[in-house]
Protein chains: 2
Amino acid sequence: MTIRLLLADDQELIRQALGVLLDLEPDFEVVASVGRGDEVTAAALEHRPDVALLDIDMPGLDGLAAAAVLTAQVPGCRVVVLTTFGRTGYLRRAMEAGAVGFVVKDAPAAVLADAIRRVAAGERVVDPALAAATLAAGESPLTARERDVLIAARSSATVAEIAARLYLAEGTVRNYLSGATTKTGTRNRIEALRVADERGWL
Amino acid sequence: MTIRLLLADDQELIRQALGVLLDLEPDFEVVASVGRGDEVTAAALEHRPDVALLDIDMPGLDGLAAAAVLTAQVPGCRVVVLTTFGRTGYLRRAMEAGAVGFVVKDAPAAVLADAIRRVAAGERVVDPALAAATLAAGESPLTARERDVLIAARSSATVAEIAARLYLAEGTVRNYLSGATTKTGTRNRIEALRVADERGWL
DNA sequence: TCCGGGTTCTGACAGATGTCACGGTGAAGC
DNA sequence: GCTTCACCGTGACATCTGTCAGAACCCGGA
């Protein structure tokens with residue numbers, strides 16, 4: 001019984017190469033291949049894959065959002081998230097989005113193929129080292145407001161803008177940002193933002 | 001006559017997939033495949049490829065440095081740089097490092113195969129859109145000292161540290177950083193650093 | 001020779017940023 | 001009830017940062 005696959009990756013070359021690689025496996029069949037996150041669901045509805053392999057960095061809709069939509073609208077299709085770098089935050093968010101597999105591109109092809117087969121059989125598959133790292137990173141130590149302020153800081157550059165947007169005094173915003181930098185062990189709010197983002201705390 | 005290829009990419013999965021993809025072409029033969037920049041030269045000396053396909057992001061030695069070493073030590077081997085995102089700065093640096101081809105991973109496989117054949121035949125191959133972008137970005141408007149300070153700012157976080165390292169007054173460092181932010185059209189030295197880096201001005 | 005343009009370097013100043021101490025509120029535990 | 005604790009919100013303060021005007025220097029051209 002062959003496993004029907006959907007591939008989503010914005011890099012044409014990688015997508016084609018992965019398609020060829022996976023088609024070599026006798027029990028795999030690549031039935032669809034898209035380059036944008038917002039094309040995933042339509043393709044899945046049309047071609048009914050058993051497993052969707054989603055990259056995270058995609059235009060239109062990122063892989064995590066696409067995973068959420070896909071699991072909601074195409075229940076028979078299981079999602080494996082494939083990503084460049086094993087950022088621990090992505091794993092948690094991928095699981096929350098309904099993904100049942102998580103493979104990093106550093107892994108050899110055999111690991112990916114094995115993961116696809118096990119996911120198709122109903123198992124959950126996560127790279128053990130990555131799972132450990134996620135466990136080590138733990139839950140977010142940020143309070144709700146610290147998180148809000150950091151998110152606002154992502155698009156607004158200056159403290160005054162953030163304060164205006166959240167209806168807070170500037171001192172308050174500075175205070176939350178300071179807390180965030182302390183908790184992330186960084187020196188700037190910019191580094192704090194980067195670190196918190198990487199760890200999936202936002 | 002077959003073209004002998006060397007593949008260098010730190011992501012195991014991508015490397016394997018590209019290997020399979022390129023081996024499908026009847027006139028290509030992948031003779032070596034490495035995951036680290038500092039393994040490129042040794043592998044090239046051993047297997048004597050006609051064309052080396054180098055990713056930029058690699059541990060040990062990045063693809064650009066590897067290209068420089070390779071062209072110096074293995075003259076018969078032509079270098080094609082393969083990179084994720086068409087950052088204009090990389091193109092210039094790749095050419096300076098002796099690469100004769102530049103392909104982005106967004107391109108379809110046929111483009112890559114065509115580029116390899118033409119490079120093997122002695123041509124130079126660069127994505128036209130990328131070349132145009134590089135031309136548009138133009139030469140660096142930064143002065144020598146502004147460049148020095150920005151590079152120092154990459155590893156030192158605070159102005160005082162940069163000043164100490166370059167034996168300058170803090171005011172001077174601030175001034176150069178200010179000039180850099182103006183010339184890059186940004187608001188922070190951090191954004192300035194990012195932009196200058198992307199454009200290959202460092 | 002002098003002049004002008006560009007670069008290097010500096011201190012002074014205003015504004016932005018990070019840290020601190022503090023008060024208020026609500027939930028949990030005795 | 002009271003205490004404790006964590007969180008929310010604020011202003012004050014010291015420090016850091018970015019901008020400005022200007023001095024010194026080099027170099028090529030009138």
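Protein chain B touches strand DNA chain D; the 5'-most and 3'-most nucleotides with an atom under 4.0 angstrom of its non-hydrogen atoms are D/dT17 to D/dA21.
Of all non-hydrogen atoms in A/A44 and A/L6, the two that sit nearest each other are N-CD1, 3.7 Å. Shown here for A/L45 and A/Q73, the closest heavy-atom pair between the two residues is CD2-O, 4.2 Å. Nearest heavy-atom pair, B/V40 versus B/A8, reported as atom, atom and distance to 0.1 Å: CG2-CB, 3.8 Å. The two residues B/T84 and A/Q11 have their closest heavy-atom pair at CG2-NE2, 2.8 Å. Pairing each heavy atom of A/D197 with each of A/R154, the nearest pair is OD2-NH1, 3.2 Å.
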Each nucleotide of nucleotides 5-11 of chain C classed B (base within 4.0 Å of a protein heavy atom), S (only sugar-phosphate) or -, in 5' to 3' order, makes ---SBBB
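The CG-P distance, from B/N188 to C/dG18, rounds to 10 Å in whole Å. The CD1 atom of B/I190 sits 11 Å away from the P atom of C/dT17 (whole-angstrom rounding). Note: CZ (A/R189) to P (C/dT19) measures 11 Å, nearest angstrom.
The cationic atom of A/R117 (NZ for Lys, CZ for Arg) lies less than 6.0 Å from the six-membered ring centre of A/F28 and within 45° of the ring axis.
Comparing the axis of the opening five pairs of the helix from C/dT1-D/dA30 to C/dC30-D/dG1 with that of the closing five pairs yields an angle of 10°, rounded to 10°.
A/H47 contributes atom NE2, which lies 10.5 Å from atom CD of A/E29 (distance to the nearest 0.5 angstrom).
For B/R147, there are no salt bridge (charged side-chain N to carboxylate O under 4.0 Å, His left out) partners at least two apart in sequence or on another chain. Remark: B/T143 engages B/R145, B/E146, B/K183 in a side chain to side chain contact (heavy atoms under 4.5 Å, CB included) (not counting sequence neighbours). Partners of A/N175 under the side chain to side chain contact (heavy atoms under 4.5 Å, CB included) rule, at least two apart in sequence or in another chain, do not exist in this structure.
For C/dG15, neither phosphate oxygen OP1 nor OP2 lies less than 4.0 angstrom from any side-chain nitrogen or oxygen of A/T158.
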